[in-house]
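Dumping the structure here so I can ask a few things about it.
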Amino acid sequence: MSKQKTGFRHGTPHALGVLLINLGTPDAPTVPAVRSYLAEFLSDPRVIELPRALWWPILHGIILRLRPRRSARSYRALWTAQGSPLLVIARRQAKALQERLDLQLSGPVRVALGMRYGNPSIASALAALRDANARRILVLPLYPQYSATTTASGFDAVTAELSTWRRLPELRFVNQYHDEPGYIAALAHSIRAYWAEQGEPDRLLFSFHGIPRDYLLRGDPYGCQCRKTARLTAENLALAPQRWQLAFQSRVGRKEWLRPYTEETLMAWGREGVKKVHVVCPGFAADCLETLEEIAVTNRDRFLTAGGEAFGYIPALNDRADHLELLTALVLRHVTGWPQAQG
C-alpha cells in the first residue's frame, strides 16, 4: 500500500482533467523502436484474442523478427522533422482543445495526451493530470467507432494506472461518437472542401480499419458503427448509392476480417473501368501510417495498376476547426455538472 501514488495535494485547487487517447506510434522510424512498439501493441489481449501459449511463438518467433524492418521503412518515408505525423497532429489537437476549453469553462482545466502504445503513455498523461490536481477526469478516446480492440483497450490502460493511485479521481469515459451530428458534418465538410479543389470522383470509398470477423460475431459493434458513419455521411453529401461504398483495410494474417476489403474493392473498380476514385478514412482522427502510406501510396498504386486513372486521398479531420469544435462539444456535454465546467 505504501507504494501507491497519492493522486492528491492538500491545499491546491481542484482541476478538471481531459485525457485524449490515440493508438500510438514508435518513438523513431528505426527497427528497434518499431519492434518495441509492435511488441507492446500486439501483446495486448484486446487486439489479439488468441491464447498466449499459441500467440507468443508466432509473435516473437515470426512477426517481431520480420515485420519491424518493413514497417520501419514505411515510417521513415513519412517521418517529419517534428516526428511521427500522428503524434505531431495529436499534439496540435490537444493544444487547440486546451485553448478552446480555457475560453469556455471556468476551470482550471488541463488537457493531456496519452497514447495507448508508445509515448507519451497513458500513465504519463494521467500523472500530468494528477500533478495538476485533477480531481475529475474525462477520458476521450479519439476512436469515433467503438471497438474492444481500441476503446476498451484504452479503458484497460487507464484503470490499470489508476489502480496504483491511493486517491482516485471521479472518472467519465466517452465510449464513441460515430453518429454525432457534428462529426458527420465535419466529415462531409472535409470531403466537399477536397472536391472543391480536386473535382468530384466517379466513386467515393469510405475505408475503415478492419477487425477479425469473429470479433463482430462475439458482440463487437465496430462494424455496424462504421456502416452507420458511412451511410450518414453519404446522406449528408446527397450521394447516390452507386457512387459510394464502404470497405475495411489493414487486414493481416489468414483469418477472415470484416468485408469487403479495401484493396480488393479498389482493384475491382480499376478492372471495371472506374476512372476516378477518392478515399476517405473516417475512423482515423489523425493521419498516420495506415492513411498516408497504406491508402495514399500502396492502395493508390493498386487502383492505378488495375486500370484506374486518378486517385485521391481525402485527409483525416486532424486539427480542422470543425473537428476541434466537435471535440470541444463532446467534452462540454460529458463534463456537465462538474464544478469546473461552469461557463
Side-chain angles (χ1 to χ4, degrees), residues 22-23 46-47 49 141-154 174-192 194-195 200-253 255-269 272 274 277-288 290-291 294-295 299 303 312-317 322-323 326-327 330:
N22 210 322
L23 193 73
R46 291 281 196 180
V47 175
E49 296 184 1
L142 294 177
Y143 312 124
Q145 296 78 27
Y146 174 94
S147 174
T149 62
T150 52
T151 316
S153 178
V174 180
N175 247 21
Q176 50 76 32
Y177 52 96
H178 71 284
D179 56 358
E180 283 284 329
Y183 167 61
I184 300 301
L187 286 173
H189 290 161
S190 72
I191 295 168
R192 288 192 184 97
Y194 190 84
W195 288 354
E200 293 193 17
D202 299 323
R203 291 186 191 172
L204 173 67
L205 183 65
F206 294 89
S207 183
F208 295 84
H209 199 292
I211 61 172
R213 183 172 179 270
D214 60 358
Y215 292 11
L216 172 71
L217 299 180
R218 295 173 192 172
D220 198 304
Y222 176 76
C224 301
Q225 293 189 0
C226 291
R227 296 180 190 282
K228 187 173 184 181
T229 294
R231 175 177 58 81
L232 291 175
T233 307
E235 289 174 356
N236 189 296
L237 294 167
L239 285 178
Q242 64 271 21
R243 289 198 58 204
W244 69 275
Q245 187 173 319
L246 169 146
F248 296 94
Q249 65 182 82
S250 308
R251 175 171 54 108
V252 295
K255 179 183 288 190
E256 182 180 6
W257 283 38
L258 296 180
R259 292 180 181 270
Y261 300 141
T262 294
E263 69 274 18
E264 291 181 358
T265 300
L266 288 170
M267 289 188 291
W269 283 0
E272 292 168 8
V274 178
V277 164
H278 288 166
V279 180
V280 66
C281 299
F284 296 90
D287 277 314
C288 55
E290 285 79 4
T291 62
E294 183 181 351
I295 294 299
N299 277 289
F303 174 69
Y313 167 64
I314 301 170
L317 293 178
D322 48 9
H323 188 208
L326 159 70
L327 298 179
L330 281 173

When rounded to the nearest 0.5 Å, the distance separating NE2 of H278 from OH of Y194 is 4.5 Å
Which of parallel (below 30°), tilted (30 to 60°) and perpendicular (above 60°) describes F208 and Y222?
-> perpendicular
Pairwise side-chain contact, T229 with I184, heavy-atom cut-off 4.5 Å (strictly under) | yes
Given the rule in the salt bridge (Lys or Arg N to Asp or Glu O under 4.0 Å) test, do E49 and K255 qualify, once you have shown the distances and angles that lead to the verdict?
-> CA-CA 12 Å; E49 296 184 1; K255 179 183 288 190; over 6 Å; no
So, the side chain of Y215 versus the backbone of V47: is there a donor-acceptor pair under 3.5 Å, distance only?
-> yes
Polar side-chain atom of N22 near backbone of L142 as donor-acceptor pair, under 3.5 Å = no
Would you say Q225's side chain and Y146's backbone share a donor-acceptor pair under 3.5 angstrom?
-> yes
Test side-chain contact (heavy atoms from CB on, under 4.5 Å) on R213 and R259 and set out the steps.
-> CA-CA 8 Å; R213 183 172 179 270; R259 292 180 181 270; over 6 Å; no
Under the 3.5 angstrom rule, does the side chain of E294 hit a backbone N or O of S250 as a donor-acceptor pair?
-> yes
Sorted by chain and number, sequence neighbours left out, salt bridge (Lys or Arg N to Asp or Glu O under 4.0 Å) with E180 holds for R333
Spacing of OG1 belonging to T265 relative to CG belonging to N299, to within rounding of 0.5 Å = 9.5 Å
With a 4.5 Å heavy-atom cut-off, do D202 and W269 have their side chains touching?
-> no
Using the side-chain contact (heavy atoms from CB on, under 4.5 Å) rule, take I314 and W195 through it: C-alpha gap first, then chi angles, then the decisive distance, then the call.
-> CA-CA 9 Å; I314 301 170; W195 288 354; 4.2 Å; yes
Is there side-chain contact between F206 and L187, with at least one heavy-atom pair below 4.5 Å?
-> no
Looking only at heavy atoms, what is the nearest atom pair of P282 and P144, with distance?
-> O-CG, 3.8 Å
Approximate separation, where rounding is to 0.5 Å, of H178 NE2 and L232 CG | 7.5 Å
Can you tell if the side chain of Y143 reaches within under 4.5 Å of the side chain of S147, non-hydrogen atoms only?
-> no
Report the relative orientation of the aromatic rings in Y183 and Y177; use parallel for angles under 30°, tilted for 30 to 60°, perpendicular for over 60°.
-> perpendicular
Does the side chain of Q176 come under 3.5 Å of the side chain of T151 through a donor N or O and an acceptor N or O?
-> no
For R46, does the CZ atom sit with more than 12 other heavy atoms under 6.0 Å from it, leaving out its own atoms?
-> yes
Below 4.5 Å, heavy atoms only, C-beta onward: do L326 and D322 meet side chain to side chain?
-> no
side-chain contact (heavy atoms from CB on, under 4.5 Å) evaluation trace for D287 with C281 = CA-CA 9 Å; D287 277 314; C281 299; over 6 Å; no
Supply the atom-to-atom distance Y261 OH to R251 CZ, rounded to the nearest 0.5 angstrom.
-> 4.5 Å
Decide yes or no for L205 and F303: does some side-chain heavy atom of the first lie under 4.5 Å from some side-chain heavy atom of the second?
-> no
Hey, what do you get for CD (Q145) to CG (D179), rounding to the nearest 0.5 Å?
-> 9.5 Å
Of all the heavy-atom pairs spanning A286 and A316, show the shortest one and how long it is.
-> C-CB, 3.9 Å
Test item: P141 and T150 side chains (from C-beta on) under 4.5 Å apart, heavy atoms | no
Show which side-chain atoms of residues 236-246 pair as donor or acceptor with protein atoms under 3.5 Å away, not counting sequence neighbours.
from : atom 1 : to   : atom 2 : distance (Å)
N236 : OD1    : R192 : NH1    : 3.2
N236 : OD1    : R192 : NH2    : 2.9
R243 : NH1    : E200 : OE1    : 3.2
R243 : NH2    : E200 : OE1    : 3.2
R243 : NH2    : P201 : O      : 2.9

Any side-chain heavy-atom pair of T262 and V279 under 4.5 Å | no
Interatomic distance, L204 atom CG to I191 atom CD1 [nearest 0.5 angstrom] | 5.0 Å
